Amino acid sequence: MSTFIKVSIKPNALHQVKTELGLYIVRAKELIDNFEDIQNDGFSFHGGHNFYRNEGGFVTGGNLNINRHRLKGLFLDFRFFIANDEPTSFLKFTGILGKLSEEPLFRQCLKSEKKIWKDEGILKGWVNVNACDLIVTYFNSKAFHGLLEGEEKYKTLIERMDSETLNWLLCYYIDDRVRCVSRISRMIESYEQGYFEVPENA
């Protein structure tokens, strides 16, 4: 079990962002509950997985045993943390958090979570699209019927892999980032007491 260290928050800075902190915690809980529920339905990435790329560069091998309509519910809750226009957008929100304390351990924790979030992904070299771009492209087209630009980018994705592999990869990338959302939520949940709780081994 992790040991947590209390990190004081700058009082004046906290007053300005209390609404955002509360909203993040509420949205994170909904996402985490949804994520845990879908795991009970068999959503898991434990064990190895094999992908194949043919001579033309087309990638196959992904397979999910979860109904696509059930996945869309997870995507809806996750969208609050990937969409740039949301106050809980992960990178924007962690940028705000960075202004609330100068404690080195706290800042190192934020840096570590941002690094995980920005990771390019396991198939970047094969499909030439990094993890966050793949998620955003899918959300702006296939998942939520977005702009024409998103539809064009989606067409490019499905020219590089089949739909099952795309869905598997999308969920694999989201899996990592839900854990980022969860760890940040745990760290800030005591904000109303004037401090954050940072893992000692962050």
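All values below were derived from every heavy atom in this structure, side-chain atoms included, with hydrogens, water molecules and symmetry-related copies excluded. For reference, positions follow the sequence shown, starting with 1. Everything quoted here is computed from the prediction, not taken from an experiment.
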- Any chain of hydrophobic side-chain contacts (each under 4.5 Å) joining F81 to L71? yes
- Message: Do V26 and I32 land in one hydrophobic cluster if side-chain heavy atoms of ILVMFWY residues count as linked below 4.5 Å?
- Response: no
- Task: Measure the acute angle between the ring planes of F78 and W117, then classify it against the limits of 30° and 60° as parallel, tilted or perpendicular.
- Result: parallel
Measuring only between side-chain heavy atoms, which start at C-beta, is [X] closer than 4.5 Å to [Y]?
{"X": "P199", "Y": "R183", "result": "no"}
{"X": "E113", "Y": "I184", "result": "yes"}
{"X": "F58", "Y": "D162", "result": "yes"}
{"X": "N167", "Y": "Y138", "result": "yes"}
{"X": "D175", "Y": "F35", "result": "yes"}
{"X": "I135", "Y": "R177", "result": "yes"}
{"X": "L31", "Y": "L74", "result": "yes"}

Supply the atom-to-atom distance [X] [atom1] to [Y] [atom2], rounded to the nearest 0.5 angstrom.
{"X": "N40", "Y": "E36", "atom1": "CG", "atom2": "CD", "value": "8.0 Å"}
{"X": "Q16", "Y": "L100", "atom1": "CD", "atom2": "CG", "value": "9.0 Å"}
{"X": "N54", "Y": "T60", "atom1": "CG", "atom2": "OG1", "value": "7.5 Å"}
{"X": "L110", "Y": "F106", "atom1": "CG", "atom2": "CZ", "value": "4.5 Å"}
{"X": "I174", "Y": "I38", "atom1": "CD1", "atom2": "CD1", "value": "9.5 Å"}

Main-chain N/O of [Y] paired with [X] side-chain donor or acceptor, under 3.5 Å:
{"X": "Y24", "Y": "V181", "value": "yes"}
{"X": "R107", "Y": "S101", "value": "yes"}
{"X": "S112", "Y": "Q108", "value": "yes"}

- Query: Please walk me through it: do L134 and L169 pass side chain to side chain contact (heavy atoms under 4.5 Å, CB included)?
  - Reply: CA-CA 9 Å; L134 185 145; L169 197 58; 3.8 Å; yes
Less than 3.5 Å apart, which donor and acceptor atoms pair up between the side chains of residues 185-194 and the rest of the protein, not counting sequence neighbours?
unit_1: R186; atom_1: NH1; unit_2: E189; atom_2: OE2; d: 3.4
unit_1: R186; atom_1: NH1; unit_2: E197; atom_2: OE1; d: 2.8
unit_1: R186; atom_1: NH2; unit_2: E197; atom_2: OE1; d: 3.4
unit_1: S190; atom_1: OG; unit_2: Y195; atom_2: O; d: 3.0

Enumerate, atom names and distances included, each donor-acceptor pair closer than 3.5 Å involving a side-chain atom of residues 86-97, sequence neighbours excluded.
unit_1: E86; atom_1: OE1; unit_2: R27; atom_2: NH1; d: 2.8
unit_1: E86; atom_1: OE1; unit_2: R27; atom_2: NH2; d: 3.4
unit_1: T88; atom_1: OG1; unit_2: R27; atom_2: NH1; d: 2.9
unit_1: T88; atom_1: OG1; unit_2: F80; atom_2: O; d: 2.8
unit_1: K92; atom_1: NZ; unit_2: N84; atom_2: O; d: 2.9
unit_1: K92; atom_1: NZ; unit_2: E86; atom_2: O; d: 3.2
unit_1: T94; atom_1: OG1; unit_2: F90; atom_2: O; d: 2.9
unit_1: T94; atom_1: OG1; unit_2: L91; atom_2: O; d: 3.2

- Go through the structure and list residues passing side chain to side chain donor-acceptor pair (under 3.5 Å) with D77, not counting sequence neighbours. N34
- All heavy atoms of M161 vs all of L166, minimum pair found to be SD-CA, 3.5 Å
- Query: Any idea which heavy atoms bring D37 and R70 closest together, and the distance?
  - Reply: OD2-NH2, 3.0 Å
- Query: Near K10 NZ, under 6.0 Å, is it more than 12 heavy atoms from other residues, nucleotides or ligands?
  - Reply: yes
